[in-house]
Each structure stands twice: as structure tokens, then as C-alpha cells.
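Lettering follows sequence order; numbering is per chain, from 1.
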2 protein chains.
Amino acid sequence: MIDMDVVLDNIDLQILNLMQSNARISNSDLAKEINMAPSAVLERVKKLEQKKVIKQYNAAIDPASVQQKLLAFIFIKSKEGFTCCSDIAQQLANIPEVQEVHHIAGEDCFLIKIRTADSASLMALMRNSLQKIPNILSTKTTIVLETVKEQQQLVIPKPVKAIV
Amino acid sequence: MIDMDVVLDNIDLQILNLMQSNARISNSDLAKEINMAPSAVLERVKKLEQKKVIKQYNAAIDPASVQQKLLAFIFIKSKEGFTCCSDIAQQLANIPEVQEVHHIAGEDCFLIKIRTADSASLMALMRNSLQKIPNILSTKTTIVLETVKEQQQLVIPKPVKAIV
DNA sequence: GGTGAAAGGAGTCATCC
DNA sequence: GGATGACTCCTTTCACC
């Protein structure tokens, strides 16, 4: 079921480009930007949501404002065996503070991105949640000192304006 | 100017909690959820935007749908010296495919998160953009095979309902 | 798949509490 | 700060193309 026949035309790409950095744009503004009727644009947006091209609309919140000042990446090595790997992945994903779980190439099995209030709460979380997951062999933690850039915007190919 | 007197009460936290996973919620629905008048809620949302507690509203787009199937993390080691470091950070941040730039603790200087169409385009980007940045000593690339979880939602302390 | 119009609903602002 | 009400604009639907 991966990679269904999701075919996106230039208009879809324009919509995605506008919405990925301004998700609360009104449908009528969206329609003005791309020179179409609001109803037609609305239908396209709904289809993009249905097809899961648009997965969710998020408000990006400043972590420090809600006392989540520590960001860390942790490499997690696990015992061999693919069934256990996807178990571990799921258990990691269930931890709310874990924002990302990636299965990676190379010796280490997973890379996770995690946010907590401070280093003490990271330590507590590692003891209480991470270490209790079976089949984890070792972890290697990288603490972020400063985040220079953090955005989820994708590079969407700019639609080629047709010559009228 | 970092950490201004941003004081968030329970109502603000409720708003953030609702909007971080549903940024296109209408203001009136938001008002219903937290039992307040729409105008009062709107004012709070605007203040949260002004104070940069809400940084942006994003549509989370499925990367595969727009031909961005490769995700990689790259550790970048640079020459010593703090001034050169922030220069490098800025140049890394200017690359559109680079979604995140973190200054990290330890031997390596930076960790970046980068998305491209495929491994060939990652190679091209490393040759054309990364390698041309001065003072970069070495890079270590980690390719993601599969992403199990990827969300930017923060753990916001659940407001304690006051006893009425 | 897009348009245009019409009804219902939401955003916005001034005013009062 | 929050509520109310009025005005305006937007969303949503549907018949038509």
C-alpha cells in the first residue's frame, strides 16, 4: 500500500508550498494566490488530506517557552533480529518525549530525537523508560548545545509557470 | 533578549496543546473546547504569536509524495574557533534541503538533518554545497532506512483543572 | 475537475463588565 | 482580561459547465 498512485500536478505543489509554511492561511486567500475558485481549491486540499500527502497541521511551539530546554539525539544499539527491532522501535515511539525514531544503516540500530526539560529529566527518562526496554544493548547520547535551524519544510519543486 | 518574561497560564497551555496537533482548528472550535468567548481566545492566540511562543503554522507533508525519499543525518567536524563555527552554521542553514542544524557537544561540531530525493542527489549536494564551505574538516553521514516516528509535538504539562 | 452564487457560519472589532 | 453583539468576510454546498 506504500506509494499509491499519488500524482501531484503543479497546482497541488503550489498548495503544498503555501501551506507548509502557513498552515492557517484561509481557503479564499489560498484561492487568490493560485488564481482559482475557492471551492476548487478546497476540494484539492481535502484530497491531499485524504491521500495523506498532508499528514497533519502543526503549530510549531518554541520549546523553551514550555520548559523543554534540552534536546538530545540518542543512538541505540539493539540485539540482532528484525522482529525485536520493530518491537523496540514501537516502544521508543510510545515515549511522548521522543519526537523521532529512525531505523538507521550501520552498526547502530536506531537514532532517536528527544526533548526534555533539562539534563536531570533526560537522565530520569533514560533510567525509567529507555533502560527498561528489552534487547537494547547500548546507547550513545549527543546533547545539543544550540539549535541554529529547525524546520520541517520540504524542498518542493517550484511549478513551472506555463506560457500563456 | 532570550527568555523574556513569557508567562503562560493553564489556558495558554490548553491552546498550545490543541493547536500543536491541529493547527487549522477554527477559532470558534478552539473557544468551545476551552469554554471561552471566541474573541478572548483570538486575543490569546495573537499574543502567543507575537511573543513567538507559536513560531509558525506548518502543514506536515509526506516527503515521499514530493520525491524527497532520502533522509540523512550528517555529523560535521570543523576547525576550532567560535567565530568560524557560527559562520559554518549559517552556511549550513542556508541550504534548503537542510532541515535542522544543531551545534552539539563533543568532538563533532554540528549535526544536520537533511532531505533529498535519493542518494545520488545527496552526493551531489554534498559535493556542491557542503564541501565548498570553508573550515569543514570532515563529515560522517548516517542514512535513515525507515522512519518509525516523526513529529514535532512537545510534551506540554497538562493543565490542572481547578476545583470549582 | 472547475465555476459561480447563495446560505450558513466564523472572524473581527467596539463596547461594556 | 473576558463577554456580548453586530458587521463583514469566509466556508461550504450545489446546480451547472
Side-chain angles (χ1 to χ4, degrees), chain A residues 4-62 65-66 156-164, chain B residues 4-62 65-66 156-164:
Chain A
M4 307 161 290
D5 49 286
V6 175
V7 182
L8 304 178
D9 62 12
N10 278 352
I11 297 174
D12 288 325
L13 296 179
Q14 281 185 68
I15 292 173
L16 293 176
N17 233 330
L18 288 164
M19 295 199 88
Q20 76 169 335
S21 55
N22 182 15
R24 275 181 79 81
I25 188 173
S26 78
N27 187 59
S28 64
D29 283 352
L30 202 53
K32 278 171 207 155
E33 289 278 352
I34 60 188
N35 296 312
M36 289 215 314
S39 53
V41 173
L42 187 64
E43 197 175 333
R44 276 173 177 271
V45 171
K46 291 220 164 132
K47 278 192 187 153
L48 290 170
E49 291 169 1
Q50 269 176 11
K51 289 191 282 189
K52 303 281 178 198
V53 174
I54 297 175
K55 295 188 291 182
Q56 205 179 31
Y57 299 103
N58 299 115
I61 296 167
D62 172 43
S65 299
V66 289
I156 294 177
K158 277 266 186 271
V160 185
K161 267 265 163 68
I163 298 162
V164 184
Chain B
M4 308 162 290
D5 49 286
V6 175
V7 181
L8 304 178
D9 62 12
N10 278 352
I11 298 174
D12 288 324
L13 295 179
Q14 283 185 66
I15 291 173
L16 294 176
N17 233 329
L18 288 163
M19 294 198 90
Q20 76 169 335
S21 55
N22 182 15
R24 275 181 81 79
I25 188 173
S26 77
N27 187 58
S28 63
D29 283 352
L30 202 53
K32 279 170 205 155
E33 289 277 353
I34 61 188
N35 296 311
M36 288 215 315
S39 56
V41 174
L42 186 64
E43 197 175 331
R44 276 173 178 271
V45 170
K46 292 221 163 131
K47 277 191 189 155
L48 289 170
E49 291 169 1
Q50 269 177 11
K51 289 190 283 189
K52 303 282 178 197
V53 174
I54 297 175
K55 294 188 292 183
Q56 206 177 32
Y57 299 103
N58 299 115
I61 296 166
D62 172 43
S65 299
V66 289
I156 295 178
K158 277 267 184 274
V160 185
K161 267 263 164 69
I163 298 160
V164 186

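A distance of 4.5 Å separates NZ in Lys47(B) from CD in Glu43(B), rounded to the nearest 0.5 Å.
Residues Tyr57(A) and Glu49(A) meet the side-chain proximity criterion, which asks for heavy atoms closer than 4.5 Å. Side-chain contact between Val53(B) and Asp12(B) is absent, with no heavy atoms from C-beta onward closer than 4.5 Å. For the pair Met36(B)/Val41(B), a side-chain contact is recorded, criterion being any heavy-atom separation below 4.5 Å from C-beta on.
With hydrogens and angles disregarded, no donor-acceptor distance shorter than 3.5 Å links the side chain of Arg24(B) to the backbone of Met19(B). Here the side chain of Asn58(A) pairs a donor or acceptor atom with the backbone of Gln20(B) at under 3.5 angstrom. No donor-acceptor pair closer than 3.5 Å links the side chain of Arg44(A) to the backbone N or O of Ile11(A). Using modelled atom types, one side-chain atom of Asn27(A) and one backbone atom of Pro38(A) make a donor-acceptor pair closer than 3.5 Å.
Between the C1' atom of dG2(D) and the NZ atom of Lys47(B) lies a distance of 11 Å, rounded to the nearest Å. Rounded to a whole Å, the CG atom of Leu48(B) is 12 Å from the P atom of dG1(D).
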Heavy-atom contacts, protein to nucleotides 3-17 of chain C, under 4.0 Å, summarised as B (base), S (sugar-phosphate only) or - (none) per nt, yield BB-----SSSB----
The dot-bracket string of DNA chain C, counting Watson-Crick and G-U wobble pairs with both distances under 3.5 Å, using [ ] for crossing pairs and | for pairs to another strand, is |.|||||||||||||||
